[in-house]
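Proteins come first, then strands; the chains are lettered A, B, ... in the order of their sequence lines, and each starts at number 1. No hydrogens, no waters, no symmetry mates; every other heavy atom, side chains included, goes into these values.
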Amino acid sequence: MLEITYLRENATAAVAGLKKRGLDADQNVKDILKLDELRRQNQNELDQALAESNRISKEIGMLFKEGKREEADAAKARTAELKTRIKELQQEQEQLKHSLEQDLVALPNVPLESVPAGNSEADNEEIKRVGDIKSLPENAKPHWELAEEHKLIRFDLGVKITGAGFPVYQGKGARLQRALINFFLEENIKAGFEEYQPPLMVNEDSGFGTGQLPDKEGQMYHMPEDNLYAIPTAEVPITNIFRDEILANEDLPIKATAYSACFRREAGSYGKDVRGLNRLHQFDKVEVVCLTKPEESMAMLDSMVDHIAGLLEKLELPYRVLRLCGGDLGFTSAITYDFEVWSAAQERWLEVSSVSNFQTFQTNRMKIRYRGEDKKTHLLHSLNGSALALPRIVAALLENHQTDAGIMIPEALRSYTGFEKI
RNA sequence: GGAGAGAUGGCAGAGUGGUCGAAUGCGGUGGUCUUGAAAACCAUUGAGGGUCACACCUCCGGGGGUUCGAAUCCCUCUCUCUCCGCCA
């Protein structure tokens, strides 16, 4: 949710920025500013009425104390009209606040200057490409065939015990999962992130905090008995740890990492490109979440991008980094870099990480603040990224590292897997 | 699942209808003292809205009600804790 103070002062810049998403927000912003204006007028009037009412009440108290019954009763009579007026104004205030909030929540984040305009993947800007795209052996296979052949991942068993999109990992497949989780966590810790183990279910407040609710309600698994939601990413519980907090300067920046299983209903996304590990209902991911002072967030974003690039290089995977165009940008993001790994056998790029700076868009809703030099509270900037999501990494590892002698495990991972090839 | 207790500022904890945004202690910040630190002492210290700045308004778990007036009384919801039962 954008800050109203930002919109008041930067309305034209906001509208111009949103255009890069292919969104004409001119009228929306005007409506918001109008509502804001009305709201403040209404509050002014309401405050005055309340002040008057408070004054009279105090007066009545004094009169009673002095035993002046009759004067007190006379004063009481004066409040009747005031009370109905207050009630009206309060109702109006509620409505105005509600409308304002609704309009604000509906507006996506404003893309930063460096974000290219555009409305599809084609307009994303490739800023980096690393690693050679190897030519694979004649008989190279996609990962789902490799997984079946080596009994690494059992999609059939997952279907039997749960349903499609809930694979069972077996033998070296299971050990590879565990190795990758540990590898990512250890690398993140080395880079200064603190590890957390969050709950895998969250309450409604947390869902609202990170913006999954109310709009993406259908994407989360919901347990109605207890009104809990299965997390779609560790970002949700981790970021919500800091909800409604004013963080101490010495604790900043926050650099958190967490492994979690992630659950996504992926309603309506059946069809092409969902084969094998490409899209699952349950998958594993190691996430990084940062909170910084505003002036430090862009440097933090760069350092996160560098860190994630390092992970992919250690896994010896060819990748590229894209700066997403406005139209491809997530609702809450001001700037996003996508990491894509080349899937040799599928001959397509697979998104394995998305690193974003949300600036105050998330923290405004969650009221995550710090105390500035001026002793006042200010909103922090929030950032997050996957470091990394397992399924597509596994897909890329299997496909890219297949040789006639077997699937080779990258050097950096061997101390974690305990085996060198599959 | 059964029974009971509770929810107040960063924390602990008082406050049962008006002068309470709220005692006191701890913590934080600034200062005095000190070579420095500790201790002691003094001062200061919740959040949000509003304003050029004041004024002013709102907030004592959430919602509703009674009253001229609610942290305090009533209704309701949520959450937490303790004991018993079951159980990893």
Are the charged groups of A/R414 and A/E411 less than 4.0 angstrom apart, N to O?
->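 Answer for the salt bridge query: yes.
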Quick tally for nucleotides 47-54 of chain B: nucleotides whose base has a protein heavy atom under 4.0 Å get B, sugar-phosphate-only ones S, the rest -, giving SSBSS---
Readout for nucleotides 65-72 of chain B: B = base within 4.0 Å of protein heavy atom, S = sugar-phosphate only, - = neither; 5' to 3' it is S--BS---
Between [X] (side chain) and [Y] (backbone), is there a donor-acceptor pair under 3.5 Å?
X	Y	value
A/N109	A/F358	yes
A/K151	A/E148	no
A/H281	A/R264	yes

List in numerical order all residues of residues 197-208 of chain A for which some heavy atom is under 4.0 Å away from an atom belonging to RNA chain B.
->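 Output list: empty, so none.
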Close residues, residues 92-107 of chain A, relative to RNA chain B [heavy-atom separation under 4.0 Å] |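 Under 4.0 Å from RNA chain B: no residue of residues 92-107 of chain A.
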Could you check whether the rings of A/F193 and A/H307 sit parallel, tilted or perpendicular, using 30° and 60° as the cut-offs?
->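 Geometry flag for A/H307 against A/F193: tilted rings.
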What is the ring orientation for A/H378 with A/Y370, classed by angle as parallel under 30°, tilted 30 to 60°, or perpendicular over 60°?
->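 It falls in the tilted class, 30° to 60°.
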Set of residues satisfying side-chain hydrogen bond (donor to acceptor under 3.5 Å, both in side chains) with respect to A/K83, sequence neighbours excluded =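 Partners of A/K83 under the side-chain hydrogen bond (donor to acceptor under 3.5 Å, both in side chains) test: none.
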Base, sugar-phosphate alone, or nothing: which one does A/N54 contact when heavy atoms must sit under 4.0 Å apart?
->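 The answer is sugar-phosphate, as A/N54 gets under 4.0 Å only of primed atoms, P, OP1 or OP2.
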Taking [M] as the reference, what is the distance to [N] when you measure between their [atom1] atoms (whole Å, please)?
N	M	atom1	answer
B/C42	B/C56	P	30 Å
B/A37	B/U32	P	11 Å
B/U82	B/A12	P	15 Å

Report the C-alpha distance between A/L146 and A/L152 in whole Å, list the side-chain angles of each, state the deciding distance to 0.1 Å, and finish with yes or no for side-chain contact (heavy atoms from CB on, under 4.5 Å).
-> CA-CA 8 Å; A/L146 293 167; A/L152 302 173; 5.7 Å; no
Using a 3.5 Å limit on both pairing distances, list the dot-bracket string of RNA chain B from the 5' end; Watson-Crick and G-U wobble pairs count, crossing pairs take [ ], interstrand pairs take |.
-> ((((((((.[[[..)..(.....]]]((((((.......))))))((((......)))).[[[[[..)....]]]]])))))))....
